[in-house]
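Notes follow the structure.
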Amino acid sequence: MGKILRWCKSWVLKFTKYWDLLVLLVQRDIKLKYRRSFLGYVWSVLNPLLSMLVMVIVFSTMFKRKIENFPVYLICGNILFSFMREATTKSMTSVIENASLLKKANVPKYIFTLSKVTSSMVNFVLSLGALIIVMIATGVPFRFTNLLIIVPILELYVFCVGLGLFLAAATVFFRDIRNIWGVVTLAWMYMTPIFYSLGSFYDDKAPDKSQAATALGLFIRRYNPMYMYIQQFRYFIINNADVWEVPTPELMWRGAIVAFGALVIGALMFKSIKNKFILYI
Amino acid sequence: MEQIEKSREQGKPCIQIKDASVRFNIAGEKVDNLKEYFIKLVKRELRFKEFYALKDIDLTIRQGESWALIGSNGAGKSTLLKLICGILAPHTGSVKVSGSIAPMIELGAGFDPNLTAKENIFINGAVLGHSRKFMREQYDKIVEFAELRDFMELPIKNYSSGMRARLGFAVATIVDPDILIIDEVLAVGDAKFQEKCRKRIAELLDRGTTLLFVSHAKAPVLELCKNAVWLDHGRIRMTDSPETVYQAYESFLGLEKKEKAEP
């Protein structure tokens with residue numbers, strides 16, 4: 001027990017020592033993202049708005065089952081998923097890209113991964129502006145419970161850190177992950193209820209409720225972490241839960257467990273091979 | 001000679017390397033993608049040639065000493081410096097270092113080519129463990145020393161190697177480090193700046209900094225260093241005063257040349 005405490009203490013000390021580095025790296029990412037762009041940070045709001053518009057036009061005619069507040073429904077799922085995709089895609093190369101800094105001094109290597117997830121988070125927070133605009137435009141009322149979105153956001157952040165650490169470490173040894181990951185996230189996106197609802201996997205007229213869903217629907221409902229975070233988030237914004245959705249309190253604790261699990265696995269994997277990084281970058 | 005002995009007894013050991021080896025796995029080719037990895041795994045070709053970049057290194061360096069590392073290319077000098085910095089972990093043995101380290105290991109290491117010099121100074125400082133507040137206070141001093149006032153808003157990718165070396169040296173030596181590590185990076189600076197750096201290093205040495213110095217030029221080594229290690233194929237061949245080591249090293253090089261010339 002004392003050993004763990006001592007380890008925690010030294011970890012916190014080291015983390016505070018490199019806190020400024022983390023801040024500078026996040027600033028760097030944000031600065032470089034929009035350097036030499038005319039509209040700059042406005043893109044963080046404009047981008048999700050425009051892609052939402054495209055998706056509304058495409059999908060509102062395609063699905064039979066009508067989703068209430070479809071534009072808000074869409075943009076909620078979209079900005080959360082984009083955050084996850086951006087955070088993981090950037091963390092993946094965080095170690096390789098910062099080779100020159102890693103070769104210079106003995107800094108904690110996870111700082112670089114953490115900075116990528118955090119700068120994506122900043123971008124995500126800016127894109128909440130787009131959500132607010134859509135809410136006002138479509139007349140969705142603001143409530144105090146909206147603020148509870150902080151729960152799924154934090155859970156998703158922790159989840160992304162875990163996944164990012166795992167990918168960053170794995171990519172040092174197998175660079176192909178960079179190429180595969182785009183396809184994986186594409187498949188993942190289609191398996192996440194962003195532009196459709198979980199209800200479309202269910203048959204309303206089925207006599208037995210336990211057999212109402214298709215296998216894919218059940219799989220998504222049970223095992224897709226992105227569903228847990230996106231549905232929680234949407235529930236706090238537009239209160240969209242119908243009978244097919246998992247109840248929100250359950251999503252909250254399940255999301256937390258998955259996030260924590262991802263963090264532990266990612267961190268352990270990263271820790272176990274980080275000393276070999278230098279030979280491969 | 002007596003003086004050296006005396007200071008040796010006085011200084012506390014700040015770098016202790018015991019039986020340290022650094023091992024690299026060199027595959028036939030570098031396998032860094034999954035397809036090749038599995039093909040080789042199936043074909044059972046996935047054997048690694050083991051290569052010791054450093055083998056059984058025993059070295060104790062005391063506070064305030066100045067050491068030169070001498071040896072041919074690929075002898076393990078830079079690897080030893082990286083081991084001391086903690087960038088590389090020893091495969092076997094142990095490395096104990098106490099005190100702050102200011103490393104100047106690779107030219108341009110630690111610079112993001114897309115960022116401006118100013119932004120790079122701050123990130124570099126943070127990597128060395130300095131706070132932003134401290135860096136803001138020291139910023140002018142750094143720029144002054146590097147003599148690059150007019151180029152601070154320029155991205156590093158537009159810098160010449162000499163300018164990078166200036167910036168790197170200026171950042172690394174803002175505080176008096178306990179251990180200063182310099183690996184050849186100064187060779188690209190112009191004569192005037194090299195002179196300035198030598199002065200700064202001498203100053204630091206007077207104030208008790210420990211120096212580890214790699215250079216293929218003999219003059220600065222003899223000027224700055226009081227001890228020398230000769231590394232050959234990852235092993236320590238000799239430890240003595242720089243004059244003695246250089247004599248042995250040069251005659252060894254001469255010998256090698258003769259051997260090659262004979263047949």
Side-chain angles (χ1 to χ4, degrees), chain A residues 13-36 93-109 111-112 115 167 169-181 184 271-281, chain B residues 22-26 30-38 51 53 78-79 82-91 97 100-116 119-136 155-156 168 171-172 181:
Chain A
L13 275 177
K14 218 170 172 195
F15 184 76
T16 44
K17 185 179 172 195
Y18 288 102
W19 171 257
D20 277 6
L21 177 62
L22 180 63
V23 174
L24 283 167
L25 289 173
V26 172
Q27 280 176 358
R28 169 184 81 172
D29 290 345
I30 295 167
K31 265 189 211 158
L32 282 181
K33 185 171 171 124
Y34 294 120
R35 183 159 280 181
R36 301 220 171 76
T93 53
S94 59
V95 172
I96 311 172
E97 268 179 12
N98 287 298
S100 81
L101 281 174
L102 290 172
K103 282 178 185 164
K104 182 175 174 89
N106 187 15
V107 284
K109 299 167 183 68
I111 294 275
F112 297 99
S115 83
L167 288 170
T171 308
V172 172
F173 298 97
F174 301 110
R175 304 286 157 100
D176 345 36
I177 294 173
R178 273 185 297 190
N179 307 316
I180 301 169
W181 191 242
V184 172
K271 191 175 160 54
S272 68
I273 56 177
K274 66 174 182 183
N275 284 338
K276 288 187 190 158
F277 287 173
I278 198 76
L279 307 178
Y280 290 83
I281 54 179
Chain B
V22 172
R23 194 182 73 175
F24 293 125
N25 290 332
I26 344 178
K30 197 171 180 186
V31 181
D32 62 359
N33 71 66
L34 280 170
K35 192 187 89 191
E36 262 177 52
Y37 184 82
F38 282 115
F51 166 74
S78 297
T79 310
K82 282 181 182 165
L83 190 69
I84 291 169
C85 288
I87 298 169
L88 281 172
H91 176 63
V97 177
S100 65
I101 300 183
M104 288 199 61
I105 288 192
E106 266 170 53
L107 187 64
F111 289 131
D112 185 324
N114 291 313
L115 290 175
T116 66
E119 289 159 343
N120 266 306
I121 286 178
F122 279 85
I123 289 190
N124 240 290
V127 167
L128 296 176
H130 304 313
S131 70
R132 274 176 297 163
K133 187 169 159 275
F134 178 78
M135 290 304 289
R136 270 195 293 274
I156 287 284
V171 176
I181 291 179

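Computed from a predicted structure; not experimentally measured. Chain letters run A, B, ... following the sequence lines, proteins first and then strands; every chain starts at 1.
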Given heavy-atom pairs under 4.5 angstrom as the criterion, report whether the side chain, backbone, both or neither of A/Lys31 touches chain B. side chain
Which of these, B/His130, B/Arg132, B/Met135, sits in a side chain to side chain contact (heavy atoms under 4.5 Å, CB included) with A/Asp20? B/Arg132
Please state whether the side chain, the backbone, both or neither of A/Glu97 comes within less than 4.5 Å of a heavy atom of chain B. neither
For each of B/Ala102, B/Ser131, B/Gly168, tally heavy-atom pairs with chain A at distances under 4.5 Å, and name the one with the top tally. B/Ser131
Quick one: which of A/Leu32, A/Asn275, A/Leu22 has the most heavy-atom pairs under 4.5 Å with chain B, could you say? A/Leu32
How far apart are the closest heavy atoms of A/Leu24 and B/Ala126, and which atoms are they? CD1-CB, 3.7 Å
Using a cut-off of under 4.5 Å for heavy-atom pairs, which of A/Leu102, A/Ile177, A/Val23 has the most such pairs with chain B? A/Val23
Of the listed B/Leu88, B/Leu128, B/Ile87, the one with the largest count of heavy-atom pairs under 4.5 Å with chain A is B/Ile87
Give me the atom names and distance for the closest heavy-atom approach of A/Arg28 to B/Ile123. CD-CD1, 3.9 Å
